[in-house]
Novice: 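First, the structure itself, so that you have it in front of you.
Each chain gets a letter, A, B and so on, in the order the sequences are listed, and its residues count up from 1.
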Protein chains: 2
Amino acid sequence: MSSSTGPRRPTMEDVAEVAGVSRGTVSRVLNGGHYVSPDALTAVQRAIRKTGYVVNQHARSLVTQRSDSIAFILSDPQDRLFEDPNFAILLKGCTQALAERDITLLLTVAGTQEDRKRVGRWVTAGHVDGVLLVSEHAGSPLINELRARGLPIVAAGRPIGHERDISYVAADDRDGARQLVEHLRSRGRRRIAIITGPIDTPGGVDRLAGYQDVLGEPDPRLVANGDYTQDSGARAMEELLQRAPDLDAVFVCSDLMALGAVAVLQRAGKRIPEDVAVGGFDDSKAAVSATPQLTTIRQDFARVSVEMVRLLQDSITSGGRSAVILPTELVVRDST
Amino acid sequence: MSSSTGPRRPTMEDVAEVAGVSRGTVSRVLNGGHYVSPDALTAVQRAIRKTGYVVNQHARSLVTQRSDSIAFILSDPQDRLFEDPNFAILLKGCTQALAERDITLLLTVAGTQEDRKRVGRWVTAGHVDGVLLVSEHAGSPLINELRARGLPIVAAGRPIGHERDISYVAADDRDGARQLVEHLRSRGRRRIAIITGPIDTPGGVDRLAGYQDVLGEPDPRLVANGDYTQDSGARAMEELLQRAPDLDAVFVCSDLMALGAVAVLQRAGKRIPEDVAVGGFDDSKAAVSATPQLTTIRQDFARVSVEMVRLLQDSITSGGRSAVILPTELVVRDST
DNA sequence: CTGAAAGCGCTTACAG
DNA sequence: CTGAAAGCGCTTACAG
């Protein structure tokens with residue numbers, strides 16, 4: 001579009017003229033070829049090739065009220081996207097699942113409040129038929145704005161405060177946490193600390209809840225917060241060691257944070273798992289590349305993306321809302 | 001858009017009626033408020049708020065022939081995006097530079113041939129005003145298709161075979177390579193190997209050319225190819241050690257590959273830099289996190305993104321074409 | 001099976 | 001400063 005170079009781009013009118021038919025017939029060929037005679041079909045196809053015609057999506061969308069595009073909105077400081085391998089898997093899965101339906105996935109990063117505003121405007125202006133929301137924090141205004149427009153939305157992870165309003169696909173964080181902590185107990189650990197995710201995310205809240213399901217109200221000295229980055233895991237571990245030097249296990253709510261925690265423990269001269277057992281969450285590459293390899297909880301992100309796309313399609317075509325909770329699985333390795 | 005829920009979304013007609021003015025006046029308010037009386041202005045603004053009006057982008061674009069969106073097309077197997085920190089910096093810089101102009105940046109990943117086709121259709125259907133092309137390999141059909149449509153394009157890195165056709169911003173790869181290899185020589189190294197990038201990318205070709213500028217036609221045993229991943233760097237290093245066990249330096253054409261090479265050298269009992277000096281390229285985080293820290297070539301990716309956005313704007317508004325080559329800089333650390 | 005026509009929701013000269 | 005009107009390029013009943 002635009003650009004000052006080149007001649008005017010061909011329209012359906014041009015194709016119709018070349019093919020010797022009406023605009024309506026060209027349109028029918030473009031939209032499945034129903035109710036078109038074989039002669040007209042080939043004439044139009046030839047004319048399309050000859051003129052180099054490509055549909056004008058704006059004109060089409062104006063009448064169909066659809067755009068055949070989906071937004072993947074990442075509400076997070078952009079760096080996270082690149083540090084966290086889960087996002088990559090999610091994005092890839094969604095792209096593929098949508099590509100099969102010939103729908104383009106557009107990734108938009110909305111890290112700052114201002115970004116979210118701009119993206120909100122952009123989305124509600126009709127650019128996309130639906131939105132996949134990733135890493136939206138509690139209280140973000142984006143969800144409300146999108147909902148007010150009646151835009152179909154599917155969230156990755158439980159959308160805190162909107163569980164009833166919008167569809168979502170989540171791993172069973174709480175049960176995963178339970179499994180891991182029970183495993184630590186079965187190994188004879190008694191002073192089990194936790195490094196949580198951000199408390200305004202479902203992974204932060206629900207994994208802590210799972211920990212409490214098993215251990216009851218925790219000793220506050222055994223709880224530290226991280227933000228899923230490796231650095232934050234290291235800082236939290238330092239805190240814990242200072243406050244509770246007698247801890248004999250730590251459940252770290254993401255593998256990446258666990259990497260940071262492991263480094264700090266080793267620097268402090270703690271043997272893993274002899275002195276301190278370490279459990280992670282995600283079963284990402286980090287879990288396997290770590291030394292020792294991490295016991296962790298597997299989430300099936302490939303499946304999450306497939307389900308997200310399915311729910312979004314449902315929501316677009318029928319307005320349905322639903323939640324899918326996928327099971328999580330304990331993977332025992334050398335760190336516990 | 002779409003979705004079966006909710007009432008019909010308000011149009012300009014609705015706003016005009018509520019405000020007691022004509023559609024034309026509403027439009028003028030929306031487009032800068034010129035030639036509008038103060039009374040009309042406030043009436044319209046109030047009516048917009050009351051109705052919750054948001055412009056229909058398709059209708060607007062249909063008449064303006066602009067979309068106010070830009071595509072960032074990553075023509076690469078998707079994983080690269082996440083493994084290579086340069087992409088992250090580039091993406092972030094472009095997003096910011098465009099946000100300042102209130103333009104949304106859409107990231108599209110086109111890893112497979114089929115993806116590229118779909119994206120080609122999508123782009124040429126008018127969804128965006130211009131394209132930032134990243135990591136396009138030589139011979140890819142995407143460039144030709146976009147050019148045929150007269151779409152403004154700016155490439156990151158020299159677009160092999162299209163240097164005259166499309167704008168691009170590149171670091172001075174060749175000179176950077178020259179600097180690094182000269183530095184290795186100045187350290188007394190005589191058997192200097194190279195691990196190149198893919199030979200269908202400018203970084204692959206031009207850095208090798210810089211190496212040859214300094215050393216002349218190389219001993220083929222001293223040349224191995226990688227694909228910018230860490231693994232490929234390791235594999236290439238193994239090859240080199242086998243073919244030329246007497247090498248005393250290696251210029252690795254990306255820091256990430258250098259990480260792989262360093263690991264292999266250390267496993268082989270080589271001391272760095274005493275036995276083998278290692279030079280990287282990019283000055284990424286990897287260079288600093290490595291042990292020993294890498295001597296490398298700094299590319300200013302932040303500046304690359306700013307320049308890319310500037311050139312694209314030029315191209316959109318005036319159809320101009322140009323190339324910007326940014327200087328590279330030797331950063332000496334402990335590995336040489 | 002096909003064409004003529006209405007209409008999607010905007011912007012922008014053109015008169016006034 | 002403002003309104004009426006043309007037109008952007010499509011799709012889709014509606015007749016035939």
Novice: Would you mind checking if B:D68 and B:R60 are paired as a salt bridge, meaning a charged N to carboxylate O distance below 4.0 Å?
Specialist: no
Novice: Starting from C1' on C:dC8, measure out to CG on B:L62 and report it in whole angstrom.
Specialist: 9 Å
Novice: Take atom NE2 of A:H58 and atom P of D:dG9, then tell me their distance rounded to the nearest Å.
Specialist: 12 Å
Novice: Tell me every residue that passes side chain to side chain donor-acceptor pair (under 3.5 Å) with A:E17, counting only those two or more places apart in sequence or in another chain.
Specialist: none
Novice: D:dC8, OP1 or OP2 - any side-chain N/O from B:S61 closer than 4.0 Å?
Specialist: no
Novice: Once you round it to whole Å, what is the distance between P of C:dG3 and CD of A:E17?
Specialist: 14 Å
Novice: Let me know the distance between OH of B:Y35 and P of D:dT2, rounded to the nearest Å.
Specialist: 13 Å
Novice: Could you list the residues that satisfy side chain to side chain contact (heavy atoms under 4.5 Å, CB included) with B:A170, not counting sequence neighbours?
Specialist: B:Y168, B:I325
Novice: Could you encode protein contacts along nucleotides 10-16 of chain D as a string, one character per nucleotide from 5' to 3', using B for base contact, S for sugar-phosphate-only contact and - for no contact, with a heavy-atom cut-off of under 4.0 Å?
Specialist: BBBB---
Novice: Who pairs with A:T108 by side chain to side chain contact (heavy atoms under 4.5 Å, CB included), at least two apart in sequence or on another chain?
Specialist: A:V119, A:W122, B:T104, B:L106
Novice: Show me the dot-bracket string of DNA chain C, counting Watson-Crick or G-U pairs under 3.5 Å, with | for pairs to another strand and [ ] for crossing ones.
Specialist: |||.||||||||.|||
Novice: Taking OP1 and OP2 of D:dG3, is either one under 4.0 Å from a side-chain nitrogen or oxygen of B:S22?
Specialist: yes
Novice: Do B:V309 and B:R101 have side chains that get closer than 4.5 Å, going by heavy atoms?
Specialist: yes
Novice: Applying salt bridge (Lys or Arg N to Asp or Glu O under 4.0 Å) as the test, list every pair that has at least one member in residues 20-48 of chain B; sequence neighbours left out.
Specialist: B:E13-B:R23
Novice: Looking at A:K117 and A:E114, does any basic side-chain N land under 4.0 Å from a carboxylate oxygen?
Specialist: no
Novice: Hey, mind stepping through A:V154 and A:Q313 against side-chain contact (heavy atoms from CB on, under 4.5 Å) and telling me if it holds?
Specialist: CA-CA 10 Å; A:V154 174; A:Q313 292 280 345; over 6 Å; no
Novice: Mind calculating the distance between CG (B:D14) and P (C:dC8) to the nearest angstrom?
Specialist: 11 Å
